[in-house]
Amino acid sequence: MRNDGADSKGEPGSELTRRRFLKTAGVGVAVLGAIGGWSLRSSKQATADAAPKAAPAKGPRQPIQRTITLHVNNRDYRVIVDTRETLAEAIRDKVGLTGTKVGCNHGQCGACTVILGGQAVYSCSTLAVQAEGAKITTIEGLSQGEKLHPVQEAFLAHDAFQCGICTSGQIMALTACLNNAPGKVTEESIKAGMGGNLCRCGAYVQIIRAGLQAAAAMGKS
Amino acid sequence: MESFAYSKAANLQQALDLLKSTEGAQVVAGGSDLLSLLKNEVLTPEALVDIKGLADLNYIKDEGGVLRIGATTTLTALGNDAAVRERFPIIAQTIPLIASPQIRNQATVAGNLCQRPRCWYFRSELYDCFRKGGPTCFAITGRNSEHAIFGGAGCFIVHASDLAPVLIALNAEIALQGPSGKRVLPLEEFFVLPRMNPHAENLLQPGELVVEIRIPAPAADAKGIFVKTRLRGSWDFAATSVAMVAQVQNGTFQDVRVCLGAVAPAPWRSKEAEAALKGQAVTADVAAAAAKAAVRYARPMSENGYKIRQIQAIIKRAALALAK
Ligand SMILES: Cc1cc2nc3c(=O)[nH]c(=O)nc-3n(C[C@H](O)[C@H](O)[C@H](O)COP(=O)(O)OP(=O)(O)OC[C@H]3O[C@@H](n4cnc5c(N)ncnc54)[C@H](O)[C@@H]3O)c2cc1C
Ligand code: SF4
């Protein structure tokens with residue numbers, strides 16, 4: 001859950017976030033399916049054995065903030081982050097680069113992929129404070145002015161997207177995959193390198209074609 | 001997410017000191033497992049000590065035949081290492097089957113071994129289940145298709161690490177360091193079953209860190225294989241897995257270690273399968289007998305009986321592949 005700091009100002013009322021409400025009321029069965037990609041329990045079964053869990057009796061903790069420098073797309077950004085903020089949240093909300101998307105927020109879909117220290121990682125599963133000092137590239141950092149990166153060109157040429165939500169993650173993953181390919185890029189190596197990026201529109205075939213075109217353009221085929 | 005203090009350790013000693021001096025502190029490495037549990041408020045540590053950047057735990061060394069792997073080595077680095085690829089092809093073969101490229105770039109070897117259960121009741125803050133100190137295991141009467149067929153008692157999680165069965169089949173040791181010093185134990189003994197402790201998956205004590213994995217030099221004629229079944233072709237946790245390392249001479253298994261994954265709350269060494277294979281010229285019949293022996297004591301739950309058939313199929317497949 002995104003934490004916007006609003007529930008940590010010490011007012012008891014603001015503590016009642018959606019998750020907390022569900023937790024306290026013991027009716028949160030419907031959200032279970034969103035966690036970890038597992039199948040949903042039938043609600044009948046769930047009400048039978050889901051004993052309501054009492055809210056823990058502890059005072060609210062104070063938010064802890066840090067001023068850090070994030071090195072994004074060859075620029076330094078001095079930002080104030082909550083220790084809880086993920087790298088994805090900091091890139092979007094603090095650095096202001098919203099090309100990086102958040103899908104599942106649990107490291108399972110790939111929409112938040114950025115390149116960190118030369119390797120593709122999930123920015124939703126890294127804390128912003130952990131990424132201090134590392135060289136980060138986001139989708140905004142690929143093109144050189146108006147000149148698109150070969151992977152971006154290839155995505156356009158092959159229509160390798162539909163709704164677009166996964167696209168920046170796909171492009172970042174493919175870019176890292178091609179950059180780090182030890183030898184000749186093949187359809188198989190693209191499939192292996194892109195296994196961590198889901199596309200619900202099912203543009204996989206076009207993404208692989210885009211990968212082969214970009215590999216050729218980058219001298220990797 | 002509950003608020004937490006954060007400190008990045010500069011070296012191993014500082015990490016140990018921070019863990020000792022900070023109340024309610026938890027280790028974070030790649031964060032690929034921990035962050036999800038923090039977001040769901042299943043875990044609410046008051047402080048995180050970040051060991052991801054520890055250069056003194058990030059190494060792979062070949063010392064007199066013993067391969068020493070530092071705790072913060074990433075899965076990607078382990079799979080790409082030249083010595084690993086040459087001397088332990090079973091590890092290089094396993095790495096691409098673990099999670100996704102992005103996770104492998106972040107995930108550390110120690111984090112993989114210490115990852116928490118994937119049981120959906122455990123991962124949801126809505127279920128105060130037995131492992132989390134509550135009164136009951138919801139999987140017993142609820143959904144248990146991913147749960148244990150061996151070793152469950154009170155709790156029926158499976159251990160989700162693919163690396164653990166492989167390292168156990170290779171007879172690896174684990175080195176831990178904490179407030180009371182350093183200890184080295186067989187990796188197999190590091191993991192615990194719920195009947196020993198239903199609230200933890202391993203022997204780590206408060207303030208203790210995994211610092212190293214050591215793999216002894218394998219015999220010259222040793223061969224290994226890892227076979228994993230999963231619902232999807234791209235990233236997925238194992239439904240079942242088997243790691244088998246054998247010394248094969250003229251088609252006969254002189255020695256063999258078999259460790260099953262995703263079928264028990266800890267990686268599950270199958271002494272039954274080992275006994276059925278050892279000293280035998282492995283044929284289809286011998287492999288089938290070993291597979292049958294391996295599941296003799298399996299106790300399926302209402303939805304996970306398929307694991308009994310799958311584990312037999314992959315034990316046979318692994319044994320026959322090594323016999324070739
Ligand atoms: C989408 C997805 C798919 C996955 N699929 C697979 C799979 O197919 N096979 C598989 O094996 N795994 C799989 N995993 C699990 C993955 O391998 C782990 O998340 C990863 O290895 C954890 O490493 P980490 O460094 O990120 O650990 P963290 O998340 O940082 O830590 C995990 C746990 O280990 C503890 N810890 C970390 N390092 C140490 C240390 N040195 N000493 C003591 N305690 C420590 C932490 O306190 C925490 O409790 C998957 C994970 C995800 C999110
Ligand atoms: S299997 Fe273990 S973790 Fe899952 S509900 Fe039962 S007690 Fe909890």
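Residue numbers start from 1 in every chain, and the chains themselves are labelled A, B, ... in the order their sequence lines are given, proteins ahead of strands.
Counting heavy-atom pairs closer than 4.5 Å to chain A, the top-ranked of the candidates B:Ser36, B:Ser234, B:Gly31 is B:Ser36. Contact tally against chain A (heavy-atom pairs below 4.5 Å) for B:Arg232, B:Glu46, B:Arg104: the top residue is B:Glu46.
Residues B:Asn105 and B:Thr76 have side chains that bring a donor and an acceptor to within less than 3.5 angstrom of each other. No side-chain donor-acceptor contact under 3.5 Å links B:Thr72 and B:Thr108. When only modelled atom types and interatomic distance are considered, B:Gln106 and B:Ser32 share no side-chain donor-acceptor pair under 3.5 Å.
Only the backbone of B:Ala29 comes within contact range of chain A, judged by heavy atoms closer than 4.5 Å. The contact between B:Leu48 and chain A is made entirely by side chain atoms (from C-beta outward), counting heavy-atom distances below 4.5 Å.
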Derivation of the side chain to side chain donor-acceptor pair (under 3.5 Å) call for A:Asn197 and B:Gln102: CA-CA 9 Å; A:Asn197 292 74; B:Gln102 287 93 327; 2.7 Å; yes

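Side-chain atoms of B:Arg85 do not come within 3.5 Å of backbone N or O of B:Phe88 as any donor-acceptor pair. Side-chain atoms of A:Arg61 come within 3.5 Å of backbone N or O of B:Ser3 as a donor-acceptor pair.
At a heavy-atom cut-off of under 4.5 Å, chain B is reached by A:Ala120, A:Val121, A:Tyr122, A:Cys124, A:Ser125, A:Thr126, A:Leu127, A:Val129, A:Gln130, A:Glu132 from residues 120-137 of chain A, listed in order of number.
At a threshold of 4.0 Å, the pair B:Asp33-B:Arg123 counts as salt-bridged, since one of the basic side-chain nitrogens sits closer than that to a carboxylate oxygen.
Going from atom OH of B:Tyr6 over to atom OG1 of A:Thr83 covers 10.0 Å, rounded to the nearest 0.5 Å.
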